[in-house]
Each structure stands twice: as C-alpha cells, then as structure tokens.
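So you know, we letter chains A, B, ... as the sequences are listed, proteins then strands, and number each from 1. These numbers come from a predicted model, not from an experiment.
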There are 4 protein chains.
Amino acid sequence: MNEHSLSPPPTGTRAQLVDAAERVLRAKGLARATTKEIAREAGYAEGTLYLHFADKLDLVRAVHEKLLPAFVEVVRHLPERAGTGSVQGNLTELAHGALRLYRDLTPLGSSLFADPELLRRFRALLAERGGGPHRAWEPVVAYLEAEQALGRVAPEADPAAATLLLLGACQQLVFVELMSGPETLPFHDRPDPAAELVATLLAGLSPGPNEMEPRP
Amino acid sequence: MNEHSLSPPPTGTRAQLVDAAERVLRAKGLARATTKEIAREAGYAEGTLYLHFADKLDLVRAVHEKLLPAFVEVVRHLPERAGTGSVQGNLTELAHGALRLYRDLTPLGSSLFADPELLRRFRALLAERGGGPHRAWEPVVAYLEAEQALGRVAPEADPAAATLLLLGACQQLVFVELMSGPETLPFHDRPDPAAELVATLLAGLSPGPNEMEPRP
Amino acid sequence: MNEHSLSPPPTGTRAQLVDAAERVLRAKGLARATTKEIAREAGYAEGTLYLHFADKLDLVRAVHEKLLPAFVEVVRHLPERAGTGSVQGNLTELAHGALRLYRDLTPLGSSLFADPELLRRFRALLAERGGGPHRAWEPVVAYLEAEQALGRVAPEADPAAATLLLLGACQQLVFVELMSGPETLPFHDRPDPAAELVATLLAGLSPGPNEMEPRP
Amino acid sequence: MNEHSLSPPPTGTRAQLVDAAERVLRAKGLARATTKEIAREAGYAEGTLYLHFADKLDLVRAVHEKLLPAFVEVVRHLPERAGTGSVQGNLTELAHGALRLYRDLTPLGSSLFADPELLRRFRALLAERGGGPHRAWEPVVAYLEAEQALGRVAPEADPAAATLLLLGACQQLVFVELMSGPETLPFHDRPDPAAELVATLLAGLSPGPNEMEPRP
DNA sequence: GATGAATGAGACTTCATTCAT
DNA sequence: GATGAATGAAGTCTCATTCAT
C-alpha cells in the first residue's frame, strides 16, 4: 500500500459508492443510513453495493478510511514552517485548521462509538495502516521541537503535552458546540477563540517573575 | 396509594430500566442495544418498557439524563479550593477527575452523533435544564479567577481559555485512546499524563524574558 | 329476559363503560378503539372493565345490545296511525326517522363485518332476543296491512316488499353518503329525498291504464 | 426488460398479493387479517408485501380498488336494453344481479367503517377516480328514462328515486341476511324476492284510478 | 368493587443481504 | 459488472388481559 496506489483503479463505482455513503451518513446519521438510500444516492442498484463491499459496515469503514488523510493534511506542512512567521501565528493557523477539521469529522468519527463491531474494524484499519488520530500529533510535536531548537519555544516545554492541549481544546470546543448548540459556548461571542487558546498556551498560567512588578 | 408517595422511589421500575439500559448500551453500543435485551437485563417484560418511556429513544435519553450530573460533580468543589494546596496540585487533581469522567462518558456521549433524532432530543433536554457540557467549565473558570485574585495565577491569563485547554486535552486523550487503542498514545508510557499537561499549561511555551533575544 | 329488566341494576359502572365504549367506537372506529381509551373515557381503570365484561368483544357487543331498541323505536307507533293523516305523510315521516336512524347506526353496525367473531356473538344475541334488524319491518308491514284494510293502499300491494323498498332506499342513501361523501349523491341537492322516495313508491312506475296500450 | 412490458402482467406479484389479501379478508375479516397470513396465502415472504404497498392499509385499499369495477359491471348494459323484453323482466334481472353483487361485496365494503383511516383513503380513491357506489345508479336511471321516452314507464315517475328504491331494497335484504342470518328474513320462504320487489315498485301502493278521486 | 403496573404474544414494518437474469 | 425483486430475521411497539393490592 504505497503512496502511488492508495485509491483503487479508475473504476469509479466504488468511489462513487463511498462518496454517496459519506453524504448519507452526514445527512442521516449512522443509525438511519440505509443501503437502499446510499445506493440511490450513488445512482446504483442496491445489489451493486455488495459487489464492492463485503457488507454495510465495510462500506462505512471505507468512508472513514477515505477521511483518514484529511487528518494529517492539516498539520502536514507545519514542521517546515519552524522559524518562519511567529510561533503564535503558526499555532493560531494550526488551531484554525484543527477547528475546521473537527467540525467536519466529529459527527462521523463519534458515530463509531455507536457500534462496537464498526469500531473494532476501524481500529484494525488503523493498526494495519500504522495510523490513528494521534498521527496528527507528530508533525505538531516536530514543529514545536524545531522551534525549541531555534529558541522560539522554551526549552523546558513539553511539545507533546502542548500539542495535546491545543488540539484537545479545539476538539472539545467543536464537540460541545455540536452537542449542546453553538449558543451555549462561553466562546461563542469571541471573535477568534483559536487565537485566545494559543495566547494562553504561550503565556502559561504561572505569574511570571517580571510581572510581579507593577507596569508603568 | 397515599399522598405521601406519589413519586416512586429511585429504586422503582423506571430507574431499574434506565440502569439496565445503561448497562446494555455500554456493553453492546447504541446500534446493537435492543429493547428486548434491555427489558431482560432489567428483569421486566418488553412491554413494561413502554409504560415508562414513550419509545426506545426516550429511554436512551433518560440514560443520558441520568449521567448529566456526573459532569458537574467532578468540578463542583473546585472553586472552594482556591488558595489551598498548590495551583498545580489542584489542577492535576482536576485533570485526573476529568480523565476518569471522559473515560466513563465518551462511549455513551459520542453515540449520540449516530442518531440525529436522539441528538435533537438530548439538546432539547439540555436546553430545558439550562445545562450542557459547558456547564463543567464554569466552576473551573471560577476557580482560576479566584486564584488570579489571590495572585497565584497570572492576571493576564484567560481563565476560560485555560479551562478549555486542560479539559480538552483530557477529553482528546481519552477519545484517541478509545478510538485507536491505548497503545497508540504518545503518552501511554508516561506515569502521569495529567501532571504533564498541567505543568505545560502553567509554564507556557514562550521562552522566559531572560532567554529571549531581541528581535531585529 | 323480559321487558321489565332489560337494563342491569342501577349499578352505573357497567352502563358508564358501555356509554364510554360507544363514544370511543364512534370517534375512533372498531379497529382503533382500545380498552385503555374506553376505560379512561369512562373514568375507570382498565382492569375495572374486566369486572363487568368477559372481554373487549363482550363490551362491544353490549354497545350494540344497547342500540337495538332504537331500531324498533322508529316504527313503534306506526301501526296506530293507520287511517290518520295521509298514507304519504305517514310514510314520509317514517322515512325521515329511518334516515336519522341509519345515519346514527350504520358506522357502528357495519363495523361488525370487520370481525367475524364479533358478528357471530351479535347474531347469537339477536337469536336469543328473537330480534334483528328485520324486526323493524314488522310494524311497517302491519301499518300497510291496516291501510289496505282501510282502502288507502292498493289491495294487491305487497306490504313486505313495499317496506323493504322504502327502508332499503333510506339505508342505501345513508350508506353511500357515508362511504363516498354526501356531495356524491344524486339526491344531495333535493330538499326532501324521503318525500320523493315515498311519492315514487306510492305511484309506481307503470304507466296509468289510460296511457297503456292494449297488449296483444 | 424491454419497452413492451414496462407494466407487469396482471398475474404479477402485486396482483397476487391483492388476490391473496382479498381471500384472507373474506375468510378472517379486516380485524383478523394479518400481513403474515396474507403473505403466506400469496406464497411470498412478508417483507415482499412492503415492496408493493406502503403499508397494510394500502394493500386493503388496493383490494377495494380492484372490486370497484364490479359495481358498475352489473348495470353496465342495462340502458341498451330499453325497449327490449319487458320492463319488469329487465328490472328483475337487474335485481338479481344486485343481490349477487351485494352478497359479494357487503362484508368487505362494510368493514371500511371499522377503520376511519381506511375509509378516508378509500374516499380519496373514489374522489380521484370520480367513482363511488352511486355510479351504479346512473345506468339504471338512464335505462328508466329511456323507458319513459318509450312510454313503458310512467312519465311522472322519478327514475332516481325508483333506482334507489330497488337497489336499496336489494342491499338491505343482503345486509340483514348477513347480519341476522338468512332464516330471519320475511322473504326467506319466497321463491324470488327480487321479482316481488319489482312487482311492487311497478304497481305502486296507491289504490287504482277507479278508487282515486280526481284531483282539482 | 376498583386499581393500574405488569405481562407477553403478536402485530406491523424495516433493512441488510442474496441471486437469477 | 449491474440489477432489483425477493427474502426473512429481527426490530419496535401495541394492547387485551391478569392479578396482587
């Protein structure tokens, strides 16, 4: 499974079915997405589905498989940006991308928990690919380590912990937004939640020695 | 049937059904939890279920309703602890509680995304209760503000952002752990991820003023 | 079962249940009338129903039993009117009463055909009472025979056939009205269908002797 | 699947299901006809039923739809017979046909009153078809008008009323026969009730002209 | 007599899956 | 490869009926 042949031959049928399944899953939810509707959405007969997938869960798994790369895409070029722009700017941009990503993927991804068998298959897919959501962390960690080497991030900072803090905050913001409604968020009236998260992460909570002194 | 016991005790049929439903939901997942099995698990006939709940989704909603208080319980007494112990200790304890909470609730809570109708009803429940996951943020924010007043947290820090960073990191840690398997975590070999998150949050990423070189 | 004790003792419960059942049957139809709703309508618990009736069909049968007398009531005093007023007036009044009766009873009575077991029990009731819809014919026949004796009805006329013609026309008019809607009736724009039926029945279809040409 | 046979032959699955449903409805009644038994009677799986009908009521409606033409069939060629044979003979033959028709359709048709929703759908069907039981009247009325023109029916007679009298009598005869049992009928010992109805309708009840005084 | 929670058989309906064409 | 009618197991839900209080 190298990078040249990730997608099956140009026989579009399989891909059309996966795309249709994704649309239906987004619209109706896992519990209410039927093979009949997916097939109709794709413009094929219901039986055709079983020429390309072992069963319905296999098709759903294929949808998630298709979405996997999007996860890494957001952070892909981050390490290269070490030393360019400002750390704050780079992380804010990352946070923006993460928010977009989580808004897009949370409904589909969280649905996996509704069906243990589906979750099992998804885990098997991740294992075989050596993938997983944590793969998104690595480039961020690498970026922060590079910035540390450049002196733009404190040498004592823990890049892995910092990554989890930032991405986790983005994910939770979206999770709560989707679950309770956007109007319930403390941040819903702030122009740029991502920027505030980054600012706080950079500054830390501890009162700095300098700051104990009164400012002019 | 006297006037003193109009509302049945919490050990009544309804509560038993909700408890049984929770057990089955945890064991089989929303997609594979059947009314038949829930009734059997509770020791009642299937029809009894419909004496106490409008339909299956109503029962599932009741399970989530029962779990709602647990969310706030974790952070309930946090504000009172401002000024006691150390900020780091208090936040680390919070993080431990949050990790336990998310491990417990993520599978059930995330399942809501599988069924838009269920999610809709759950949102309605939250709206009428004035609740929502964000309610867990408020005591943490209050705690941090109290510590700010005591001078143990930097006055420029944004308590809301800090809360989201810490709780979000905990949630994501659990989410990824449950979705990809614990062995995939960068933190799985560290003795206390919670402590590391708190340490990083307190210190921040920015290099100290002494360490900063003037920019051109 | 003589005429003095047709209705049960003044214990109102049974009668209240029958009345409630009648209301629900009229409102919802036999297929959608539930014991739960009947009991609620009567202001009793569901179990109470089974203290007074063997089962649901027994209750429905009791409703029909209660309605039986109404059938004869319409024609009860007709024989006494022989020789009074005009035959046409008396029959028109009868037809008016029959139309009212059929409008009232057709929905309930016709429902019996939906359940052979219910119909069987209803027939048994009629047999034991020596009753039946045809009992309504007898007073009409008696009236016509009395008028024949008085010379106000042709001596060759068949009173039984005439009765069936008049009452049948009334029943069909209502049946079609209820089944297809009143606006579909050819008679829906006529002021008094009953009068027209009676006029035609009295006059007959045959051309008068003057108009008739001798047949070879 | 060529263009010549887009609509399946009348022996298709749908028609088989409708036929089976009719048989089961006749045998068990609307209240006791189950989808399981209908499917078994038709030789198909229960689920197949829902490929061809929206729900059970839709299937029942289709049964009634199939029976609609029978209603008009009985009277279809009557107008053409004006002037042929005798009026009495033609009407007697009509009455015979009507009796057969009502014996066949009353149990099914009356069942509609058991379920208001079913009745509603049936009315909608009639409305869209421009049909209804009253459509059976029109050819009879046309026939009588033709006979009037030929002088074989009195010019003052009301054809619509006469039609309703005759067909109504036939319907009531059958209705009472089915509801109370044939042995309860006053006519059950007469060789040809239809002939007696027609004779009475033709002659009328009024005493002959000799006995009648001239009207002013 | 009255209650009403509990029952459980069974109804209707859905839907993933198969297979002859 | 594509079809789509047919399948039938399984699901949710209803409701007449019972019985301990």
(message) Between Thr13(C) and dA2(E), is there a contact of a side-chain N or O with OP1 or OP2 at under 4.0 Å?
(response) yes
(request) Starting from the 5' end of DNA chain F, give me the residue, Gly47(C) or Gly43(A), whose nearest nucleotide shows up first. (result) Gly43(A)
(message) Tell me the interatomic distance from Leu59(C), atom CG, to dT17(F), atom P, rounded to whole angstroms.
(response) 10 Å
(request) Kindly say if Thr34(A) contacts the phosphate of dC15(E), meaning a side-chain N or O under 4.0 Å from OP1 or OP2. (result) no
(request) Could you tell me the separation between the CZ atom of Arg32(C) and the C1' atom of dC15(F), rounded to a whole number of Å? (result) 14 Å
(request) Write down the distance between OH (Tyr44(A)) and C1' (dT17(E)), rounded to a whole number of angstrom. (result) 20 Å
(message) Quick check: do Phe122(D) and Asp115(D) have side-chain heavy atoms less than 4.5 Å from each other?
(response) no
(message) Please determine whether a side-chain nitrogen or oxygen atom of Tyr50(B) lies at a distance below 4.0 Å from atom OP1 or OP2 of dT14(F).
(response) no
(request) Identify, between Leu49(C) and Lys36(A), the residue whose nearest nucleotide on DNA chain E lies closer to the 5' end. (result) Leu49(C)
(message) Looking at Arg40(D) and Glu46(D), is any side-chain nitrogen of the basic one under 4.0 Å from a carboxylate oxygen of the acidic one?
(response) no
(message) Which nucleotide wins on minimum distance to the side chain of Ala45(A), given the candidates dT3(F), dG8(E), dA11(E)?
(response) dT3(F)
(request) Could you pull out the closest heavy-atom pair between Leu112(B) and Leu119(B), with the gap in Å? (result) O-CB, 3.7 Å
(request) Using a heavy-atom cut-off of under 4.0 Å over every strand shown, decide if Ala39(A) touches base, sugar-phosphate, or nothing. (result) nothing
(request) Please state how far atom CG in Leu30(C) lies from atom P in dC15(F), giving the value in whole angstrom units. (result) 13 Å
(message) Donor-acceptor check, side chain of Arg26(C) to backbone of Asp104(C), threshold 3.5 angstrom: yes or no?
(response) yes
(message) Strictly by Watson-Crick or wobble contacts shorter than 3.5 Å, is anything paired with dT21(F), and which nucleotide is it?
(response) dA2(E)
(message) Using whole Å, what does the distance between atom P of nucleotide dA16(E) and atom CD of Glu117(A) come to?
(response) 15 Å
(message) Which nucleotide wins on minimum distance to the side chain of Glu46(B), given the candidates dC13(F), dG4(E), dT3(F)?
(response) dC13(F)
(request) Specify the separation, in whole Å, of atom CZ of Phe53(D) and atom P of dT14(E). (result) 15 Å
(message) Applying a 4.0 Å non-hydrogen cut-off, can you work out what Ala54(C) is touching in the nucleic acid: base, sugar-phosphate, or nothing?
(response) nothing
(request) Rounded off to whole Å, could you give me the CG-to-P distance for the Leu51(C) and dA16(F) pair? (result) 17 Å
(request) Would you indicate whether Lys36(A), at its atom NZ, is surrounded by more than 12 heavy atoms from other residues, nucleotides or ligands within a distance under 6.0 Å? (result) no
(message) I want to check one thing: is the phosphate of dA2(F), taken as OP1 and OP2, less than 4.0 Å away from some side-chain N or O of His52(A)?
(response) yes
(message) Does dC12(E) have OP1 or OP2 under 4.0 Å away from a side-chain N or O of Lys56(D)?
(response) yes
(request) Determine which nucleotide pairs with dA16(E), using a 3.5 Å limit on both distances of a Watson-Crick or G-U wobble pair. (result) dT7(F)
(request) State whether Glu117(D) and Arg32(C) are salt-bridged, where the test is any N-O pair (Lys NZ or Arg NE/NH1/NH2 against Asp/Glu carboxylate O) under 4.0 Å. (result) no
(message) Can you measure Asp55(D) atom CG to dC13(F) atom C1' for me and round it to whole angstrom units?
(response) 16 Å
(message) Using OP1 and OP2 only, check whether a side-chain N or O of Thr48(D) sits under 4.0 Å from dT7(F).
(response) yes
